[in-house]
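Everything on this sheet refers to the single structure shown next.
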There are 2 protein chains.
Amino acid sequence: MAAINTRTSPKKESTIVDAGHSFTEENYLKTILKLSEQSEDAVSTNAIAFRLGTKAATVTDMIRKLSQKKLIHYKKYQGVRLTARGTKVAWAIVRRHRLWEVFLTEKLHFKWDEIHNIAEELEHINSEELVKRLDKFLGFPKFDPHGDPIPDSKGRLSRISRTTIKEMQIKQTAIMTGVIDHTSPFLRHLEMLKLTPGKEIKLLRMLDFDGSCIISINRGEETYISSLVASNILVSIRNEKV
Amino acid sequence: MAAINTRTSPKKESTIVDAGHSFTEENYLKTILKLSEQSEDAVSTNAIAFRLGTKAATVTDMIRKLSQKKLIHYKKYQGVRLTARGTKVAWAIVRRHRLWEVFLTEKLHFKWDEIHNIAEELEHINSEELVKRLDKFLGFPKFDPHGDPIPDSKGRLSRISRTTIKEMQIKQTAIMTGVIDHTSPFLRHLEMLKLTPGKEIKLLRMLDFDGSCIISINRGEETYISSLVASNILVSIRNEKV
DNA sequence: ACTTAAATTTCGACTTGTCTAAACATTTTA
DNA sequence: TAAAATGTTTAGACAAGTCGAAATTTAAGT
Ligand SMILES: [Mn+2]
Ligand SMILES: [Mn+2]
Ligand SMILES: [Mn+2]
Ligand SMILES: [Mn+2]
């Protein structure tokens, strides 16, 4: 299970600011960003190791390196936080990932559960110009196929208020704008139900004893979804402030 | 000048046949293919080292590895040749490279001298399905932006007879179908002259004392090109057998 | 043939990214 | 607050890819 992925970019061109991170470094940065979003606390060694499928010892080494490069703040045993620079670099990677995901679905017609792994590789192609042109080619999309926001070239990202179906009021209407669970089985299930970002969802009933929901999609017939499914679907309710 | 590029693909999916070559291995295979095309002889260690910007010692190591994997034939001090399998793998990489080049020019509007380095990275994204869909998206192109043939998914490639302008007869007409020199300065020079694949070229005069040529492009006004330029432009003359 | 010269391989050695086992620090929990 | 559990770092090793220097082999020259 050795998933090695090294690259010492000899890119002398590219942006002066921040070029030359290996595949591996980039994956660590992205992972730390993801984990940072999930809680205020510093990100733990174990959490990183788990998400990356490596061991804690390995993470400690990389943490040292990233810290030396001033991409993360680190004090022994205290976990890590991205620096301003690290944050910028990490978002740039996420931007590339999500733009490629749009490309794969919109242009190559991949299904939304097939794109993640390919984008996981494409995101490391490190050319400022490539990303700029890809963005334009795709029409400057604001969200990826899973409903996640794509930061613009300056790192600004459209934040919209999102809750799960579970938190909706009965008879309330909302637009589906994303998923929490990104795994293939879940995505395929949603596709089967024709429950994809952009659809209008009205919560008709929520069953007391197991929390499952009856909804209508685009004002069509009633659809039953389990509590688990409902709690993994993100929706935006009109007229809501962030 | 350490241009490292490692990857041990943990791809368990993908084609059963031939997956799981590192970036580095792929670059060696492609290089050996290129050098094989330039002469009948076995490819020498030094030639590979030179093209890859590495040292002979390094090449010897990789050669052993590739040989062990049955991708090349190798006897000490005798140079290497691709096996049937190695040839297939190498052409698949070339195919990906050239398809991405088409994408970069046709869809992202890169100039033909800017695409090589980016394609050099994209070619290693190893997904059968991705390449298949990209090919379709691009309309199954037969040639890349430099006029080089793109093998189809079975490895078949359209061979057309090509010579340089220097070998044309006076008053003869031909279609530009490629370049020998692929460097940026040369490509930019040709672009400035509007001398790109597809153009109709008529050789009007060839000067004796320095071999420079006067040609017309698409029946337009006369254009002067040096002997060096003429010898680096590939053309196809109608009604010629391979 | 015998002696150079050139190309190739072998021999340590270094860098990245990884792992296991053992040591050390911080938290829990009784 | 002291012992136990959990989390993190250190130490030693390994595979991949690379290099310089030295040893070998093949090719050339006379
Ligand atoms: Mn990745
Ligand atoms: Mn996504
Ligand atoms: Mn390459
Ligand atoms: Mn090309």
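Residue numbers begin at 1 in each chain, while the letters A, B, ... track the order of the sequences.
- Residue Ser44(B) has its side chain nearest to dT8(C) when only dT8(C), dT18(D), dT8(D) are considered.
- Not one side-chain nitrogen or oxygen of Asn46(B) sits closer than 4.0 Å to the OP1 or OP2 atom of dA6(C).
- Distance alone, capped at 3.5 Å, places no donor-acceptor pair between the Thr31(B) side chain and the Ile48(B) backbone.
- Taking the charged nitrogens against the carboxylate oxygens, Asp135(B) and Arg95(B) do have a contact shorter than 4.0 Å, which makes a salt bridge.
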Reading nucleotides 22-28 of chain C from the 5' end, what letters show protein touch, with B for base, S for backbone sugar-phosphate only, - for no heavy atom under 4.0 Å? --BSS--
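- The aromatic ring centres of Phe103(A) and Phe110(A) sit 6.0 Å or more apart.
- Look at Tyr28(B) and you won't find any side-chain N or O under 4.0 angstrom from OP1 or OP2 of dA16(D).
- Regarding Tyr74(B), its OH atom lies at a distance of 10 Å from the P atom of dT8(C), rounded to whole Å.
- One atom, CZ of Phe23(A), and another, P of dT18(C), lie 13 Å apart when rounded to the nearest Å.
- Following rounding to the nearest Å, Asp41(B) (CG) and dA27(D) (P) show an atom-to-atom distance of 12 Å.
- Both the sub-6.0 Å distance and the 45° axial angle are not jointly satisfied by Arg98(B) relative to the ring of Phe143(B).
- At a threshold of 4.5 Å between non-hydrogen side-chain atoms, the residues Glu25(B) and Leu71(B) do not count as touching.
- Under 4.0 angstrom from either OP1 or OP2 of dT16(C) there lies no side-chain N or O belonging to Thr24(A).
- Within the structure, every pair that satisfies the salt bridge (Lys or Arg N to Asp or Glu O under 4.0 Å) test and touches residues 181-191 of chain B, not counting sequence neighbours, is listed here: Asp113(B)-Arg188(B).
- Side-chain contact between Leu134(B) and Leu138(B) is present, with at least one heavy-atom pair separated by less than 4.5 Å.
- For the pair Val43(B)/Arg81(B), no side-chain contact is recorded, criterion being any heavy-atom separation below 4.5 Å from C-beta on.
- Under the 6.0 Å distance and 45° angle rule, Lys107(A) counts as a cation-pi partner of Phe137(A).
- Near DNA chain C, defined here as any heavy-atom distance below 4.0 Å, the residues from residues 56-63 of chain A are Ala57(A), Thr58(A), Asp61(A), Met62(A), listed numerically.
- Distance, Ile48(B) CD1 to dT9(C) C1': 14 Å, rounded to whole Å.
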